[in-house]
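This report refers to the structure that appears directly beneath it.
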Amino acid sequence: MAIKNYEPNMVLATTEYEVVGTRPVRHDGTDKVTGRAQYGADFTSTGLIFGAVLRSPHAHARIRSIDVSKAEAQPGVLAAVTAKDFPRSDASPDEYVQLGELNTRLGYLRDNILASDKTLYKGQPVAAVAAANAHVAHEALALIEVDYEVLPSVLTAPDGMKDDAPILHDHLKTEELGELTDRVSNVAQHFQHVLGNLEEGLAEADVVIEREFDTATVHQGYIEPHNATAFWNKDGKVTIWCSTQGPFEVRDASAASLNLDIADIKLVPMEIGGGFGGKFEPYGAPVAAMLSKKTGHTVKIIMSRAEDLQGTGPTPGSNLRIKMGATRDGKITAAQAHLAFEAGAFPGSPVGAAAMTVFAAYDVPNVVIDGYDVVVNKPKSGAYRAPGATQAAFGVETVIDEIAEKLGHDPIELRLMNAAKEGTRRADGPINPKIGCVEVLEAMRDHPHYNAPLEGPNRGRGVAVGFWINGAGASACTIMVNPDGSLTLSEGSADIGGTRTSVAMQAAEVLGIPVEKINPQVVDTDSVGYTSGTGGSSVTFKAGWTAYEAANDIKRQMIDRASKIWEVEPDTLDLQAGEITSKVDSELRMSFAELAGQLNDTGGPVVGSCSLTPPAIGGAYAGSIVDVEVDPETGKVTVLRFTCVQDAGKAIHPSYVEGQMQGGSVQGIGWGLNEEYFMNEAGGMMNSSLLDYRMPVSLDVPMIDTVIVEVPSATHPYGARGVGEVNIVTPPAAIANGIYRAVNIRMEKLPMNPGAVVEAVWKNGG
Amino acid sequence: MPAKTYVQTTINGEHVDFLCEPRQSLLECLRDVIGLTGSKEGCNDGNCGACTVVLDGRIVTSCLVLGVEVEGREITTIEGVACGSTLHPVQTAFLENAALQCGICTPGFIVASKVLLEQNPDPTEHEIRFWLANNLCRCTGYDKIVRAVQDAAVKMREAEV
Ligand code: FES
Ligand code: FES
């Protein structure tokens with residue numbers, strides 16, 4: 001693998017296949033460029049009515065009473081609900097509910113759907129109404145009377161950890177190093193990972209750098225707000241239509257919150273307009289179901305953008321202290337991290353993942369990592385693309401950069417000297433399988449971008465490398481052979497970025513047919529086996545693997561059938577390039593389509609199926625190279641050039657791998673430079689619109705060059721790794737390092753917006 | 001409920017009439033009254049561009065236009081971009097360049113790009129980025145969208161000569 005000449009998008013392929021690795025047009029493409037694709041908000045049905053949700057105006061308050069009678073009496077309003085309307089099951093509120101990358105307890109889940117006795121963040125739902133007209137429903141919210149006792153609030157992890165901090169949950173006892181204590185506090189959990197002997201490692205070091213970092217709360221910013229439509233039938237069966245990353249997770253969470261059997265709920269996944277981890281919670285679905293039960297109508301609830309920003313799960317702000325030591329010749333001997341993450345209103349921040357990823361790019365013998373999960377009066381945090389890893393990498397990659405500078409090493413060479421490899425133990429336990437950290441760093445080092453001169457004042461080039469765990473999870477798939485030899489594939493993974501095609505390609509490869517012969521469908525939860533959600537970069541890996549096995553099932557059955565027709569032994573036959581042939585008799589051959597036409601009369605149709613939970617995937621590494629220009633007068637940072645290098649294992653559909661890399665990079669740029677929840681002292685979000693929550697637009701960014709490195713994962717049939725997330729991990733750190741090279745200041749806060757940069761320049765005496 | 005207004009307009013070349021409340025936006029009328037759900041709502045306050053349509057030759061965010069304002073005017077939505085069963089070159093370019101991931105922003109980008117290329121058949125990268133700066137895409141990082149518009153521009157110029 002070597003980079004010779006510059007191309008904007010390079011694939012450093014190690015193995016070539018017929019279908020895998022090509023770039024077909026996606027199956028759902030035409031519907032999505034013509035406006036025909038049906039997203040959640042597009043769903044309609046006879047007798048559809050609209051729900052609207054009343055949300056807490058206070059960040060922290062006790063609910064003394066809720067009176068919905070005036071709203072219910074309003075002409076046009078058909079029903080109102082509060083938490084009291086929800087059935088209480090025998091299930092303990094402490095029981096866990098799976099919600100993709102983050103899990104929660106049933107009690108917390110319910111309170112996040114409709115608050116019962118307290119509201120814990122501004123924007124938390126407290127009641128809902130349904131009306132035939134959406135405007136009428138929204139107006140009726142003003143008629144609901146809620147008596148609140150406003151309580152003092154707390155907004156950041158360090159503040160939440162103070163002894164005199166306002167307590168969010170009277171019953172939340174701190175879990176300290178695996179033991180449940182009697183201490184009631186906002187610290188839901190403190191855990192620690194230890195490797196080697198930190199003190200000895202620090203003693204060996206010639207240079208030790210320690211810095212503290214703070215990062216702001218940011219939102220996934222998917223363009224389609226949350227939506228849910230539900231119908232509660234007279235027989236007690238519920239259908240939910242919504243845009244979600246986790247059809248099965250939302251079905252199960254809805255069943256748990258409504259106290260129904262899972263079999264009573266069918267979730268019909270609509271097309272989904274982005275998720276990035278933020279579309280696993282059920283939010284409006286159980287509320288719409290309850291309103292449907294009361295009214296007998298199908299009820300649709302769509303969040304406004306302000307509701308979405310204030311009332312869904314952003315990724316949390318964090319406070320980090322990173323300390324690392326290295327010897328003069330560049331060997332990192334010790335690393336310590338203190339990671340305090342805001343969980344939001346309920347426990348469950350991604351601090352666990354932050355701790356797994358924080359030093360995972362390096363082989364460090366002596367490590368201590370402390371993680372704190374701290375509840376604060378902000379929305380319950382959700383997953384966001386490699387949750388926790390971006391915050392952690394911002395700290396670590398800045399400190400590494402400083403070590404390289406202090407020791408006079410090239411920043412990529414220093415990283416290469418210490419890079420994690422197969423066999424390296426992570427501080428949280430696992431020993432690395434085959435990984436591509438070194439290969440990613442080598443591709444960065446060799447890239448023309450890294451070697452191009454960067455001229456002009458106030459310009460600097462930064463680099464960073466990062467790791468994401470990558471998930472797998474359960475997946476199910478069936479493939480039906482149609483009489484003309486075409487195939488229909490059913491899967492359960494919501495397709496957010498072309499995965500119907502990347503999954504179907506893996507089946508097509510097995511059968512030696514063009515992927516256009518397969519029609520992949522994302523079907524409802526009654527029509528396919530349990531499939532864990534579209535998160536953790538898992539779909540092309542797990543659903544692709546399932547499709548691969550289902551296609552092999554078809555292959556076996558087709559060969560068996562041909563062997564019966566020809567009265568020969570199956571092991572004398574083969575299926576390749578869309579044809580069944582005999583290994584011993586060259587006269588015996590039949591096209592796949594020909595045999596498909598005979599199936600019904602020779603024993604019955606052929607359906608291939610597979611359901612499995614693949615073994616762990618082996619994580620992914622990615623790196624960014626960025627050139628920035630800093631205006632020292634205004635503090636504005638302009639991204640001049642950007643290159644993303646990522647190990648995809650095997651890029652099944654390289655265009656969509658590049659798309660993930662480019663999209664993740666730009667989200668990372670937004671996180672690094674602009675995005676942030678501005679909170680007032682009372683805990684209200686002051687910028688809950690897309691004008692003020694400023695995500696990158698096309699004019700803010702350059703082309704994003706990509707290099708796909710292929711170090712095949714040891715487990716997947718084609719060597720694929722997940723590709724969706726790791727690309728967001730490094731841009732903020734790389735930009736911070738670029739800013740340092742440009743104007744000699746170390747940024748310790750995200751976002752590095754003009755105000756923050758100017759402040760740092762002034763502090764530095766500039 | 002406020003009295004409804006009778007509106008006659010032209011959408012995608014066909015005469016359309018509908019009833020709407022004075023407070024209903026054009027986007028709401030298109031989606032909920034007329035049933036053209038190709039235009040998407042991402043913000044309802046003019047900041048995402050997912051609802052972009054062409055109104056008398058100019059692109060507008062239809063969430064910031066009232067339904068009653070389109071009396072006697074001409075509207076093109078994403079549903080009217082393709083010609084019969086033939087995709088518009090911009091649509092083909094979006095498919096071939098993988099310029100969409102989730103696709104929720106795509107109708108807005110395609111409508112805006114089509115008008116750009118009608119007015120400026122050979123835009124620079126900067127001109128494309130400037131024109132599309134009111135359309136948010138959170139999935140693609142814009143790279144492949146810009147390339148798709150460049151590709152469509154080339155194909156449309158070739159088709160002209
Ligand atoms: S919905 Fe109109 S601009 Fe966002
Ligand atoms: S493709 Fe998802 S927002 Fe653009």
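Naming: A, B, ... by sequence-line order, numbering from 1 per chain.
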Checklist outcome for this item: Cut-off 4.5 Å, heavy atoms of chain A, and the answer for B/E41 is backbone
Checklist entry - What closest approach, in Å, do B/N135 and B/G49 show between heavy atoms, and which atom pair accounts for it? => result ND2-O, 3.1 Å
Item to check | Closest-packed option against chain B by number of heavy-atom pairs under 4.5 Å, given A/L699, A/T706, A/L690 | outcome: A/L699
Checklist outcome for this item: From the list A/I223, A/N9, A/I496, the residue making the most non-hydrogen contacts under 4.5 Å with chain B is A/I223
Checklist entry - Is the backbone of B/T124 close enough, under 3.5 Å, to the side chain of B/E127 for a donor and an acceptor to pair up by distance? => result yes
Next on the checklist: Between the side chains of B/R157 and B/D122, is the shortest nitrogen-to-carboxylate-oxygen separation below 4.0 Å, so that they form an ion pair?
Outcome noted: yes
Checklist entry - What residue, out of A/E271, A/Q660, A/R23, A/Q38, has the most heavy-atom pairs lying under 4.5 Å from chain B? => result A/Q660
Checklist entry - Side chain, backbone, both or neither: which part of A/E658 has a non-hydrogen atom closer than 4.5 Å to chain B? => result both
Item to check | Region of B/N44 that comes under 4.5 Å of a non-hydrogen atom in chain A | outcome: neither
Checklist entry - Distance only, no hydrogens: is a donor on one side chain within 3.5 Å (strictly under) of an acceptor on the other, for A/N727 and A/Q646? => result yes
Checklist entry - chain B heavy atoms under 4.5 Å from A/P24: which part of the residue, side chain, backbone, both or neither? => result neither
Next on the checklist: Among B/E28, B/E79, B/H126, which residue has the highest count of heavy-atom pairs closer than 4.5 Å to chain A?
Outcome noted: B/E28
Checklist entry - In terms of heavy-atom pairs under 4.5 Å, which option from B/N134, B/T140, B/V90, B/N97 contacts chain A the most? => result B/T140
Checklist entry - If you count heavy-atom pairs under 4.5 Å between each of B/P107, B/G80, B/C43, B/G35 and chain A, which one has the most? => result B/C43
Next on the checklist: For a quick check under 3.5 Å, do B/T76 and B/N12 share a side-chain donor-acceptor pair by atom type?
Outcome noted: no
Checklist outcome for this item: Minimal heavy-atom distance between B/A99 and B/K144, with the atoms involved, is CB-O, 3.4 Å
Item to check | Proximity breakdown for A/R26 and chain B, heavy-atom pairs closer than 4.5 Å | outcome: side chain
Checklist entry - Minimum heavy-atom separation for B/L30 to B/S39, with atom names? => result CD1-OG, 4.2 Å
Item to check | Note: B/R147-B/D143 ion pair, threshold 4.0 Å (strictly below) | outcome: yes
Next on the checklist: Are more than 12 heavy atoms, taken from residues, nucleotides or ligands other than A/R36, located less than 6.0 Å from that residue's CZ atom?
Outcome noted: no
Item to check | Winner by heavy-atom pair count (cut-off under 4.5 Å) against chain A, out of B/R138, B/R31, B/Q101 | outcome: B/R138
Checklist entry - If you draw a 6.0 Å radius around CD in B/E74, do more than 12 non-hydrogen atoms from other residues or ligands fall strictly inside? => result no
Item to check | Top of A/S304, A/G274, A/S689, A/P225 for chain B proximity - count of heavy-atom pairs under 4.5 angstrom | outcome: A/P225
Item to check | Proximal component of A/S655, with respect to chain B [non-hydrogen, under 4.5 Å] | outcome: both
Checklist entry - Do B/W131 and B/V149 come within less than 4.5 Å of each other through their side chains, counting heavy atoms only? => result no
Item to check | Which portion of A/E139 sits near chain B, non-hydrogen atoms under 4.5 angstrom | outcome: side chain
Next on the checklist: For A/T44, which atoms come within 4.5 Å of any heavy atom of chain B: side chain, backbone, both, or neither?
Outcome noted: neither
Checklist entry - Which answer fits B/I110, side chain, backbone, both or neither, if we ask what part of it has an atom under 4.5 Å from a heavy atom of chain A? => result side chain
Item to check | Proximity breakdown for A/S665 and chain B, heavy-atom pairs closer than 4.5 Å | outcome: neither
Item to check | Closest non-hydrogen atom pair between B/C139 and B/C102, with its separation | outcome: SG-SG, 3.6 Å
Checklist entry - Measuring heavy-atom distances to chain A, does B/H88 have an atom under 4.5 Å in its side chain, in its backbone, in both, or in neither? => result neither
Checklist entry - Going by distance alone, is a donor N or O of one side chain under 3.5 Å from an acceptor N or O of the other, for A/E675 and A/Y693? => result yes
Next on the checklist: Counting only non-hydrogen atoms closer than 4.5 Å, does B/L136 touch chain A with its backbone (N, CA, C, O), its side chain (CB onward), both, or neither?
Outcome noted: both
Checklist entry - Side chain, backbone, both or neither: which part of A/A41 has a heavy atom under 4.5 Å from chain B? => result both
Item to check | Structural part of A/I272 lying under 4.5 Å from a heavy atom of chain B | outcome: backbone
